[in-house]
Amino acid sequence: MPARWLPWGLLAALVLTQICYPLTEGDARARLTVVTVLLGVAFSLVHALLARGPRAAVALVLSAMAGGFVVEAIGVATGFPFGSYEYSGRLGPRLLGVPLIIPLAWTWMAWPAWLAALRLARRRAARVAIAAAGLAAWDLFLDPQMVAEDYWRWRDPSPALPGVPGVPLGNYLGWLGFAVLLMAALAATAGRATAGPLGSDAPALALWLWTYASSVLAHAVFLSLPASAAWGAVIMGAAVLPLLLRPRLPA
């Protein structure tokens, strides 16, 4: 397989795995969750390396993977910035109370969020804001789904969004605040490697659109989470759907 097709192959495997998610339950679903994240982070790192070069891949690891672990470790220990929460242990090995798979999830979704922002804005500050908003909006799907599966829980999950118990409002604000720092760090460390949109961004943009559409469908139809489906459809949609109105990417 030519190297340029490798991200598409990983994306296809990721999509197939996510389609299987609603068909499983219990420990099998937990294992499938881990496999999904591993495929997702492999996609983002491989795409960053092939499409943007080593500097972009290293910048993604430093900002999202290392940064994600640090903020999660602080969060578990102190309750800041996401609120007081704990992991159940169903997602595999932990370090400082954080499943090792968690910072990989930050890495997986930070990359397509950033590349989408490159297409929607020219100034770095606007790109950081758009990417951070998109990444934080994804959590409107992620946290309700993971809490429903008992992968983690908050000790005091109130106040919460209407129809979405179990996840405090402060968590979403914490996501937004850290996402801003993450995207600013990614932009600074990647430098010219992510100076603008490229045609080779297409697999990552496809992942971004798929994540949005599949999350709305899964929550509304398969996971019995209609309220998170509605909240995510509106708020994440504001960050994702403008991509469909942009002209074709440069070659």
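Quick note: residue numbers are just sequence positions, from 1. Because the structure is predicted, anything quoted here is derived from the model rather than measured. Keep in mind that the numbers below use all heavy atoms, side chains included, and drop hydrogens, waters and symmetry copies.
The 12-atom threshold is not exceeded at CD of Glu25, counting heavy atoms of other residues, nucleotides or ligands nearer than 6.0 Å. Within a 6.0 Å sphere centred on CZ of Arg155, heavy atoms belonging to other residues, nucleotides or ligands number more than 12.
Across Leu140 and Ser228, no two heavy atoms sit closer than the pair O-CB, 3.6 Å. The two atoms that bring Gly68 and Pro103 nearest to each other are C-CB, 4.1 Å, heavy atoms only. Minimum interatomic distance between His47 and Pro203 (heavy atoms only, all atoms of both residues): NE2-CD, 4.0 Å. Of all heavy-atom pairs between Pro168 and Asp156, the closest is CB-O, 4.2 Å. Closest approach of Leu243 to Arg119, counting heavy atoms only: O-NH1, 3.7 Å. Here the closest heavy-atom approach between residue Asp201 and residue Arg52 is recorded as OD2-NH2, 2.7 Å.
To the nearest 0.5 Å, atom CD1 of residue Ile19 and atom CZ of residue Phe222 are 9.5 Å apart. Atom-to-atom distance recorded for Thr189:OG1 and Leu62:CG is 6.5 Å, nearest 0.5 angstrom. Considering CZ of Arg153 and CG of Asp143, their distance stands at 14.5 Å, rounded to 0.5 Å. Put simply, OG1 on Thr33 and CZ on Arg90 are 8.5 Å apart, with the number rounded to the nearest 0.5 Å. Between the CZ atom in Phe141 and the CD1 atom in Ile235 there is a gap of 9.5 Å [rounded to 0.5 Å]. Atom CD of residue Gln145 and atom NE2 of residue His219 lie 4.0 Å apart, to the nearest 0.5 angstrom.
The main-chain N or O of Ala190 is found under 3.5 Å from a side-chain atom of Arg55 such that the two form a donor-acceptor pair. Looking only at distances, a side-chain donor or acceptor of Tyr212 sits under 3.5 Å from a matching main-chain atom of Ala233. Judged purely by atom type and a 3.5 angstrom limit, Ser158 has no side-chain atom pairing as donor or acceptor with the backbone of Ala160.
Residues Cys20 and Leu32 have side chains in contact (heavy-atom distance under 4.5 Å, counting atoms from C-beta outward). In this structure, Leu45 and Trp108 have side chains that are not in contact, with every pair of non-hydrogen atoms separated by 4.5 Å or more. In this structure, the side chains of Trp152 and Ile102 come closer than 4.5 Å at one or more pairs of heavy atoms. Side-chain contact between Trp208 and Met109: present, with at least one pair of heavy atoms (C-beta onward) separated by less than 4.5 Å. Side-chain contact check for Leu14 versus Thr36: some heavy-atom pair is nearer than 4.5 Å. Counting only heavy atoms from C-beta outward, the side chains of Tyr87 and Glu72 approach each other to under 4.5 Å. At least one side-chain heavy atom of Thr194 sits under 4.5 Å from a side-chain heavy atom of Trp111. For the pair Trp210 and Gln18, the minimum side-chain heavy-atom distance is below 4.5 Å.
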Legend entry - Test side-chain contact (heavy atoms from CB on, under 4.5 Å) applied to Trp114 and Leu135, step by step: CA-CA 9 Å; Trp114 178 250; Leu135 184 60; over 6 Å; no
Inset, instruction - Please step through side-chain contact (heavy atoms from CB on, under 4.5 Å) for the pair Leu91 and Leu100, ending with a clear verdict. - result: CA-CA 8 Å; Leu91 293 178; Leu100 298 179; over 6 Å; no
Inset, instruction - Assess whether side-chain contact (heavy atoms from CB on, under 4.5 Å) is satisfied between Leu161 and Leu169, documenting all intermediate values. - result: CA-CA 6 Å; Leu161 289 173; Leu169 283 172; 3.4 Å; yes
Inset, instruction - Evaluate the criterion side-chain contact (heavy atoms from CB on, under 4.5 Å) for residue pair Leu209 and Val240; output intermediate values, then yes/no. - result: CA-CA 7 Å; Leu209 291 166; Val240 174; 3.5 Å; yes
Inset, instruction - Go through the steps to decide whether Trp106 and Trp175 satisfy the test ring pair (Phe, Tyr, Trp, His ring centres under 6.0 Å), and finish with yes or no. - result: CA-CA 11 Å; Trp106 283 100; Trp175 262 73; 4.3 Å; yes
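A cation-pi arrangement is present between Arg29 and Tyr21, with the terminal nitrogen or guanidinium carbon under 6.0 Å from the aromatic centre and inside a 45° cone about the axis.
Linking Ile, Leu, Val, Met, Phe, Trp and Tyr whenever their side-chain heavy atoms come within less than 4.5 Å leaves Leu49 and Leu115 in two separate clusters. When the side chains of ILVMFWY residues are joined at heavy-atom separations under 4.5 Å, either directly or via intervening members, Leu6 and Leu38 end up in a single hydrophobic cluster. Residues Val234 and Leu176 fall into different hydrophobic clusters, defined by Ile, Leu, Val, Met, Phe, Trp and Tyr side chains chained together at heavy-atom separations under 4.5 Å. A continuous path of Ile, Leu, Val, Met, Phe, Trp and Tyr side chains, each step under 4.5 Å between heavy atoms, connects Leu10 with Trp5, placing both in one hydrophobic cluster. Following chains of ILVMFWY side-chain contacts shorter than 4.5 Å, one can reach Leu244 starting from Met236, so the two form part of one hydrophobic cluster.
Exactly one of Val70, Leu60, Val41 qualifies for a side chain to side chain contact (heavy atoms under 4.5 Å, CB included) with Met65. That residue is Val41.
Relative ring orientation between Phe82 and Tyr85 is described as perpendicular, the plane-to-plane angle rising above 60° on a 0-90° scale split at 30° and 60°.
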